Amino acid sequence: MSGGSPVKRSEAPVIAVDAMGGDHAPAAVVQGAVHAVREYGLRLVLVGRAREITALLAEQEATREIPVVHAEDTLAMNEGALASWRRPRSTVAVACKLIRQGDAAALVSAGSTGGVVATSTVRLRTQPGVLRAALAVALPTRPVPTILLDAGANADAKPEMLVQFAHLGAAYAQTAYGVAEPRVGMLTIGSEPGKGNKLARKAAELLHATAADTTAGAPRLDFRGNIEGHDLLSSEVDVVVTDGFTGNVALKSVEGAVSFAFDTIREALTSSRLAKAGTLLQRKSLRELTDRFDSDTYGGAVLLGLNGTVVIAHGASSPRGIERACLLANDLAGGHIVDQVRRRLHTTPRPHGWLHRLSHSEE
């Protein structure tokens with residue numbers, strides 16, 4: 001795996017931040033946004049109820065540093081796909097309008113994942129040629145995170161969608177984490193060829209065919225074959241592709257296992273005076289480990305394949321989590337992730353629809 005810093009940007013893009021989304025909004029969102037502007041020089045605009053946001057900015061003497069765009073409505077944390085139609089004047093909808101108008105390049109929201117996915121997909125639309133947008137998350141591997149997608153946007157997928165997900169994930173790994181040639185693996189029930197259900201077997205066939213394509217100008221895909229669930233945190237590959245149902249189950253399983261492990265370790269480290277003394281001696285290493293597995297560290301999930309960059313932070317994001325989400329959106333938008341995806345899906349000289357025809361050739 002090739003590591004490195006993302007490409008440098010000449011000018012920071014404008015990030016539209018949903019100030020009303022999340023369990024701790026708007027206070028945590030405003031605080032995180034102010035810190036991102038002051039510490040990293042990001043260009044942000046806060047979208048939400050102007051009076052509330054302006055009052056919070058005034059408390060931090062930041063009213064001149066971050067502009068505010070008023071949006072009276074907001075998505076509730078329990079709202080799902082129908083939110084895009086029920087709330088056309090929500091903060092997410094208004095932020096998407098800013099992107100469509102060219103006044104912003106990305107959206108950051110800690111609101112309802114289902115609501116943000118549905119609203120941004122309807123209002124930004126998928127890029128030409130993209131079958132479905134995919135939700136990508138960063139798994140805490142070293143030396144750089146592993147990208148898992150789809151993590152829940154598409155419960156039902158077709159084989160050709162998984163090939164596109166591989167390209168979306170590769171573009172993400174290159175843009176956000178500087179991985180020159182991302183290694184791609186497909187999540188299934190066995191590492192041997194031919195393992196898995198019909199979807200997995202056909203998708204693997206398409207991925208192998210795509211990787212073998214050496215036509216000049218075709219986007220290169222380094223497909224390493226199947227991986228299993230225990231490989232998700234092993235850094236065997238840089239990008240893991242699967243359908244949204246399997247990906248979401250895998251992600252929640254990893255999160256639950258990590259949470260259980262940390263609770264168990266915490267109990268062991270505080271079980272006696274001697275254990276507590278040892279903990280003090282290792283506090284730096286323990287702090288680094290905790291930070292590595294903290295969801296706030298990675299900024300959130302990214303909805304890839306739309307005409308704009310969308311970062312969905314964790315609903316319980318702290319100000320630090322919002323700050324990291326803004327940094328991630330800045331890296332992706334500043335690295336022209338939308339253009340990277342477009343080039344990957346449109347530089348192949350093969351006829352349009354070749355994936356669809358190949359995926360159905362043996363049915």
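Quick caveat, the model's predicted, so the values are computed rather than measured.
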Exercise. Counting distance only, does the side-chain N/O of Asp150 pair as donor-acceptor with the main-chain N or O of Asp243 below 3.5 Å?
Worked result: no
Seminar exercise, completed: Taken to the nearest 0.5 Å, the spacing of Asp23 CG from Ser318 OG works out to 11.5 Å
Exercise. Between atom CG of Leu207 and atom CG of Asn226, what is the distance when rounded to the nearest 0.5 Å?
Worked result: 9.5 Å
For this session: Could you check if a side-chain atom of Leu57 sits within less than 4.5 angstrom of a side-chain atom of Ile66, using non-hydrogen atoms only?
Result: yes
Exercise. Are Ile15 and Leu42 side-chain neighbours, meaning at least one heavy-atom pair lies under 4.5 Å?
Worked result: no
Exercise. Can Leu328 be reached from Tyr40 by stepping across I, L, V, M, F, W or Y side chains whose heavy atoms are under 4.5 Å apart?
Worked result: yes
Exercise. Would Val240 and Leu149 satisfy side chain to side chain contact (heavy atoms under 4.5 Å, CB included), going step by step from the backbone distance to the final call?
Worked result: CA-CA 6 Å; Val240 178; Leu149 73 168; over 6 Å; no
Problem set entry | Pair Phe223-Thr210, side chain to side chain contact (heavy atoms under 4.5 Å, CB included): steps then yes or no | CA-CA 8 Å; Phe223 181 56; Thr210 304; over 6 Å; no
For this session: Kindly indicate whether the side chain of Val92, heavy atoms from C-beta on, has any atom under 4.5 Å from the side chain of Leu107.
Result: yes
When the side chains of residues 186-196 are checked against the rest of the protein, which donor-acceptor pairs come out under 3.5 Å, sequence neighbours left out?
none

Exercise. Roughly how far, to the nearest 0.5 Å, is CD1 of Ile322 from NE2 of His314?
Worked result: 11.5 Å
Problem set entry | Qualifying residue for side-chain contact (heavy atoms from CB on, under 4.5 Å) with Val341, from Gln164, His336, Gln127, His167 | Gln127
Problem set entry | For Ala136 against Leu304, the heavy-atom pair lying closest together | CB-CD1, 3.8 Å
Exercise. So, for Gly334 and Pro13, which heavy atoms are closest and what is the spacing to 0.1 Å?
Worked result: N-CG, 3.7 Å
For this session: State yes or no: do Leu135 and Phe245 share one hydrophobic cluster built from I, L, V, M, F, W and Y residues joined by side-chain heavy-atom distances below 4.5 Å, directly or via other members?
Result: no
Seminar exercise, completed: OG1 (Thr141) and CD (Glu236) are apart, to the nearest 0.5 Å, by 11.0 Å
Exercise. Side chains of Gln31 and Gln60: closer than 4.5 Å at any heavy-atom pair?
Worked result: yes
Exercise. So, Asn154 side chain and Ala133 main chain: donor-acceptor pair closer than 3.5 Å or not?
Worked result: yes
For this session: Would you name the heavy atoms of Leu124 and Gly308 that are closest together and state the gap between them?
Result: CD1-CA, 4.4 Å
Problem set entry | Validation row: Val310, Cys96 side chains within 4.5 angstrom (heavy atoms) | no
For this session: List the steps, then state whether side chain to side chain contact (heavy atoms under 4.5 Å, CB included) holds for Phe165 with Val239.
Result: CA-CA 9 Å; Phe165 294 170; Val239 177; over 6 Å; no
Exercise. Hey, are the side chains of Val108 and Asp18 touching, using non-hydrogen atoms and a 4.5 Å cut-off?
Worked result: no
Exercise. By side chain to side chain contact (heavy atoms under 4.5 Å, CB included), which residues pair with Arg49, not counting sequence neighbours?
Worked result: Met20, Glu52, Glu72, Thr74
For this session: Please check if atom CD in Gln101 has more than 12 non-hydrogen atoms from other residues, nucleotides or ligands closer than 6.0 Å.
Result: yes
Exercise. How would you list, by chain and number, every residue that makes a salt bridge (charged side-chain N to carboxylate O under 4.0 Å, His left out) with Asp339, sequence neighbours excluded?
Worked result: Arg342
Problem set entry | Point-to-point distance, once rounded to the nearest 0.5 Å, from CG of Asn330 to CG of Leu44 | 8.5 Å
Problem set entry | Minimum heavy-atom distance Leu303-Ser120, with the two atoms named | CD2-OG, 3.4 Å
For this session: Taking salt bridge (charged side-chain N to carboxylate O under 4.0 Å, His left out) as the test, write out the residues that go with Arg224, two or more places apart.
Result: Asp222
Problem set entry | Audit row: Leu148, Thr242, side chain to side chain contact (heavy atoms under 4.5 Å, CB included) steps and yes/no | CA-CA 8 Å; Leu148 169 68; Thr242 187; 4.2 Å; yes
Exercise. Are Lys202 and Glu205 ion-paired here, with the side-chain N under 4.0 Å from a carboxylate O?
Worked result: yes
Problem set entry | Sub-4.5 Å side-chain heavy-atom contact between Ser317 and His24 | no
For this session: Output yes when Asp238 and Arg183 qualify as a salt bridge under the 4.0 Å nitrogen-oxygen rule, no when they do not.
Result: yes
For this session: Please report the shortest heavy-atom distance between Ala151 and Asn248, naming the atom on each side.
Result: O-ND2, 2.9 Å
Exercise. Below 4.5 Å, heavy atoms only, C-beta onward: do Thr91 and Asp73 meet side chain to side chain?
Worked result: no
For this session: Could you tell me which non-hydrogen atom of Lys158 sits nearest to which non-hydrogen atom of Leu199, and how far apart they are?
Result: C-CD1, 3.7 Å
For this session: Would you list the pairs meeting salt bridge (Lys or Arg N to Asp or Glu O under 4.0 Å) in which at least one residue belongs to residues 33-44, sequence neighbours left out?
Result: Glu11-Arg43, Arg38-Glu65
Exercise. Val14: which other cluster members, linking ILVMFWY side chains closer than 4.5 Å, directly or transitively?
Worked result: Val45, Val47, Val69, Val94, Leu98
Problem set entry | Inter-residue atom distance Ser253.OG - Leu232.CG, 0.5 Å rounding | 9.0 Å
